[in-house]
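Okay, so here's the structure we're looking at.
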Amino acid sequence: GNSDYFFNQGAKMSNQYFENNVNLESNETVISYYFKGQTFHFITDNGVFSKKSIDFGSSLLLQKIILDNGDRVLDIGCGYGVIGLVIAKLNPQILVDMVDINERAIRLSCKNKALNKIENAEIFVSNLYQNITKKYDVIISNPPIRAGKKIVHEIASSAFDFLNDTGVFWCVIQKKQGAESMMKLLTKIYQKVTIVEKDKGYWIIEAKK
């Protein structure tokens, strides 16, 4: 349709998942994920992160994250929606916003919201925090490492401005992909930074405002 034509005008030929590439051939598949007694189904596609299975980092983050009733949560860099949608489904009293720069990822997240019959999630395109207007109790990210250190660090540092006074930033990052420099950055900005878990080289980090 017409909308595709307009998107294509600005698209770069590349298939990095953190960029917007609508020219990449689509090849949707459905994967299953069993977590806390529920089976989730996710439609994935070319050009999105971890398309063949739920990546270990996201799964570890979901196992470790602590949420309170009534929290407002932001999943930044949501990809096809695993973290935000699992949290929303398991915590119906929590409101989850999910954003990504990649329009294909956002479309998949919307499909996956419907597929898993989730009501309490809002999904929209945002380049980092550009379209974010609210404050959150919890901001979560499995940051797009291949987008580079600058963007990964921007996700972590700018989260501070979008958290409530008692808000918490959670992320997962591999040691070999910069967990130590992430810790340094977070300890400069946040009051209390904890490595909640280390497993297979993945670190789960919690930073309290």
Side-chain angles (χ1 to χ4, degrees), residues 18 33-44 48-50 54-55 57-144 152 154-172 186 189-194 196 204-209:
F18 55 84
Y33 178 56
Y34 184 78
F35 184 72
K36 294 201 173 169
Q38 298 230 29
T39 301
F40 295 83
H41 298 286
F42 293 102
I43 302 166
T44 79
V48 294
F49 172 67
S50 194
I54 306 304
D55 77 294
S58 293
S59 203
L60 190 62
L61 184 55
L62 282 167
Q63 284 161 37
K64 296 297 162 187
I65 193 160
I66 300 156
L67 297 161
D68 289 325
N69 274 358
D71 272 351
R72 182 177 278 288
V73 175
L74 173 66
D75 175 4
I76 180 156
C78 66
Y80 55 82
V82 177
I83 293 172
L85 292 176
V86 169
I87 285 171
K89 180 86 170 179
L90 294 176
N91 304 278
Q93 70 296 349
I94 281 176
L95 294 171
V96 183
D97 284 349
M98 299 164 54
V99 299
D100 203 294
I101 188 175
N102 178 328
E103 284 168 16
R104 176 171 286 180
I106 290 295
R107 279 202 299 274
L108 290 169
S109 279
C110 290
K111 286 182 180 182
N112 290 330
K113 174 185 167 179
L115 187 62
N116 294 284
K117 298 185 169 57
I118 292 162
E119 301 291 327
N120 51 324
E122 291 295 324
I123 302 164
F124 52 98
V125 171
S126 182
N127 181 1
L128 298 170
Y129 296 92
Q130 226 170 331
N131 296 333
I132 304 297
T133 54
K134 302 184 192 115
K135 294 268 175 112
Y136 295 89
D137 303 299
V138 179
I139 296 178
I140 312 170
S141 193
N142 181 350
V152 170
E154 172 76 16
I155 286 172
S157 58
S158 294
F160 190 90
D161 302 326
F162 294 92
L163 284 167
N164 295 326
D165 293 343
T166 55
V168 188
F169 174 71
W170 287 80
C171 68
V172 55
L186 291 170
I189 302 169
Y190 294 83
Q191 266 186 344
K192 186 176 183 231
V193 183
T194 313
V196 174
I204 304 295
I205 304 173
E206 175 195 36
K208 292 184 175 173
K209 189 167 174 174

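Screening residues 83-102 for ring pair (Phe, Tyr, Trp, His ring centres under 6.0 Å) gives no qualifying pairs among residues at least two apart or on separate chains. The stretch residues 119-143 participates, sequence neighbours left out, in these salt bridge (Lys or Arg N to Asp or Glu O under 4.0 Å) pairs: D97-K134. Residues in residues 59-75 take part in these side-chain hydrogen bond (donor to acceptor under 3.5 Å, both in side chains) pairs, two or more places apart or across chains: Y33-S59, K64-E197, N69-Q93.
Taking all atoms of both residues into account, the shortest heavy-atom contact from P144 to V152 is O-CG2, 3.6 Å. A pairwise comparison of heavy atoms in G70 and I94 identifies N-CG1, 4.1 Å as the closest pair. Between S141 and L61, the closest heavy-atom pair is O-CD2, 3.9 Å. For the residue pair V193 and I205, the shortest heavy atom distance occurs at CG1-CG2, 3.7 Å. A pairwise comparison of heavy atoms in L85 and A121 identifies CD2-CB, 4.1 Å as the closest pair.
Going from atom CG of N112 over to atom CE of M98 covers 8.0 Å, rounded to the nearest 0.5 Å. Atom CG of residue N120 and atom NZ of residue K113 lie 8.0 Å apart, to the nearest 0.5 angstrom.
Partners of S109 under the side chain to side chain donor-acceptor pair (under 3.5 Å) rule, at least two apart in sequence or in another chain, do not exist in this structure. Shown here are the side chain to side chain donor-acceptor pair (under 3.5 Å) partners of S158, two or more places apart in sequence or in another chain: E154. Scored by the side chain to side chain donor-acceptor pair (under 3.5 Å) test, N142 finds D55, S58 as partners (sequence neighbours excluded). A search for salt bridge (charged side-chain N to carboxylate O under 4.0 Å, His left out) contacts involving K209 returns nothing, not counting sequence neighbours. T39 is linked by a side chain to side chain contact (heavy atoms under 4.5 Å, CB included) to S32, Y34, H41, counting only residues two or more places apart in sequence or in another chain. In this structure, the side chain to side chain contact (heavy atoms under 4.5 Å, CB included) partners of F162, at least two apart in sequence or on a different chain, are Y129, I132, I139. Not counting sequence neighbours, F40 has no partner by the ring-ring contact (aromatic ring centres under 6.0 Å, His included) test. Remark: K111 engages E28 in a side chain to side chain donor-acceptor pair (under 3.5 Å) (not counting sequence neighbours). Among residues two or more places apart in sequence or in another chain, the side chain to side chain contact (heavy atoms under 4.5 Å, CB included) test is passed with V168 by W170, E206, K208.
Within the 4.5 Å cutoff, side-chain heavy atoms of I65 are placed close to those of V138. For the pair N131 and V99, the minimum side-chain heavy-atom distance is 4.5 Å or more. Within the 4.5 Å cutoff, the side chain of L62 has heavy atoms near those of the I83 side chain. In this structure the side chain of C78 reaches within 4.5 angstrom of the side chain of I106, judged on heavy atoms. By the 4.5 Å heavy-atom criterion applied to side chains, I140 and I87 are counted as neighbours. D100 places none of its side-chain heavy atoms less than 4.5 Å from the side chain of Y80.
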Between F160 and Y190, does a ring-ring contact (aromatic ring centres under 6.0 Å, His included) hold up when you go through it step by step? CA-CA 8 Å; F160 190 90; Y190 294 83; 5.3 Å; yes
Could you go through the side chain to side chain contact (heavy atoms under 4.5 Å, CB included) check for L128 and I101 one step at a time? CA-CA 7 Å; L128 298 170; I101 188 175; over 6 Å; no
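Of the possible polar contacts, none joining the N127 side chain to the Q130 backbone as a donor-acceptor pair under 3.5 Å is found. For the pair N164 (side chain) and T166 (backbone), a donor-acceptor distance under 3.5 Å is absent.
Partner V196 forms a side-chain contact (heavy atoms from CB on, under 4.5 Å) with one of I204, L60, I66, V172 and no other, that one being I204.
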